[in-house]
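Below is one structure, written out as structure tokens, with a few remarks after it.
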Amino acid sequence: MTTFNGFTQKDFDVFSIPGLENRMEALREQISPKLEAIATELAPDVTAMTGDEMFVHVARHARRKTNPPNDTWAALASNKRGYKKLPHFQIGLWETHVFVWFAVIYESPIKEDFAKTLQANKEEVLSHIPDHFVWSIDHTKPEAIPHGEVDEEKFLSMTDRLQSVKKAEILCGLHLERGDDRLKNPEKFLELCKDTFQTLEPLYQYTKQLKV
């Protein structure tokens, strides 16, 4: 098992390697082992925090036949066999940044009910999430919305979309630019992930009231 020893600029440069085979080889050799090591290190803490046993899932990008992936990740979810239908936590990277998320993505059968729960608790959610956190409504795009820019109207727009659009998703967490010094320091980065997931844990608890 690889030990996580921090991210380097070379890790981000993997996403500029042309061609599916070459990029996938670099991902498998260089980045996936790091992500697996991070998620494995975090799993006991997230298990204790959520009350659900968490299992590590590393993105395989198995469905890709021509286009190389532009991002990759590891997920922590409460099922050994899969994570996409479940509320889960993610650590991953694009060429520009690392993300640390709580995610309910489009495969989840509780999407609509989760959206309603978020709306019913909007004051608590809006006041609890720190301004430097970000939201995403599509995990396949690198852009995100700073929480400091999410007012009640924007929050209702995101959660309405989660209810009504089949491919809609909602993710909340942190973005760290590729030059951030914390990415080079394994202890600091792992501590930051734990703190981030602790902040996001109330969102996970909302999902536990819903039938998956």
Mind checking the [atom1]-[atom2] spacing from [X] to [Y]? Nearest 0.5 Å is all I need.
X      : Y      : atom1 : atom2 : result
Glu187 : Phe4   : CD    : CZ    : 9.5 Å
Leu174 : Asp195 : CG    : CG    : 9.5 Å
Ile91  : Leu190 : CD1   : CG    : 9.0 Å
Glu53  : Leu76  : CD    : CG    : 11.5 Å
Leu176 : Arg182 : CG    : CZ    : 5.0 Å

Closest non-hydrogen atom pair between [X] and [Y], with its separation:
X      : Y      : value
Ser16  : Arg23  : C-NH2, 4.3 Å
Asp71  : His139 : OD2-O, 3.8 Å
Tyr206 : Glu124 : OH-CB, 4.0 Å
His97  : Pro142 : CE1-O, 3.5 Å
Leu20  : Asn67  : CD1-O, 3.7 Å
Lys85  : Glu107 : CG-O, 3.6 Å

Side-chain heavy atoms of [X] within contact of [Y], under 4.5 Å:
X      : Y      : result
Pro146 : His132 : no
Lys34  : Asn5   : yes
Gln163 : Asp160 : yes
Ile137 : Arg161 : yes
Tyr106 : Leu162 : no
Gln205 : Lys208 : yes

With under 30° as parallel and over 60° as perpendicular, where do the rings of His147 and Trp135 fit, or are they tilted in between?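 Rings of His147 and Trp135: tilted, as their planes differ by 30° to 60°.
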Fit a plane to each ring of Tyr83 and His88, take the angle between them on a 0 to 90° scale, and name the class: parallel (under 30°), tilted (30 to 60°) or perpendicular (over 60°).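 The rings of Tyr83 and His88 stand perpendicular, inter-plane angle above 60°.
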Verify, without hydrogens or angle tests, whether [X] (side chain) and [Y] (backbone) share a donor-acceptor contact under 3.5 angstrom.
X      : Y      : result
Thr159 : Leu156 : yes
Lys111 : Ile170 : no
Thr40  : Glu36  : yes
Thr47  : Met54  : yes
Glu143 : Asp138 : no

Decide yes or no on salt bridge (charged side-chain N to carboxylate O under 4.0 Å, His left out) for Arg178 and Asp11, but give the supporting numbers first. CA-CA 9 Å; Arg178 61 184 279 169; Asp11 294 327; over 6 Å; no
Looking only at the side chains, is there a donor atom on one of Asp45 and Gln198 sitting less than 3.5 Å from an acceptor on the other?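 No pair is found: no donor N or O on one side chain lies under 3.5 Å from an acceptor on the other.
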How about Thr50 and Asp52: does a side-chain donor come under 3.5 Å of a side-chain acceptor?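 Thr50 vs Asp52: no donor-acceptor pair found between side chains.
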Do [X] and [Y] belong together in a cluster built from hydrophobic side chains that touch within less than 4.5 Å?
X      : Y      : result
Ile38  : Val46  : yes
Val104 : Val125 : yes
Phe114 : Ile105 : no
Val56  : Leu42  : yes

Cation-pi, Phe155 ring and Lys122 (6.0 angstrom, 45 degrees):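 Negative - Lys122 is either too far from the ring of Phe155 or too far off its axis.
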Is the distance between the ring centroids of [Y] and [X] under 6.0 Å?
X      : Y      : answer
Phe189 : Phe7   : yes
Trp101 : His175 : yes
Tyr204 : Phe89  : yes

Chi angles and distances behind the salt bridge (charged side-chain N to carboxylate O under 4.0 Å, His left out) call for Lys184, Asp181: CA-CA 6 Å; Lys184 300 168 194 166; Asp181 283 342; 3.3 Å; yes
Can you confirm whether more than 12 heavy atoms, excluding those of Glu153, are under 6.0 Å from its CD atom?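 It does not: Glu153 CD has 12 such atoms or fewer within range.
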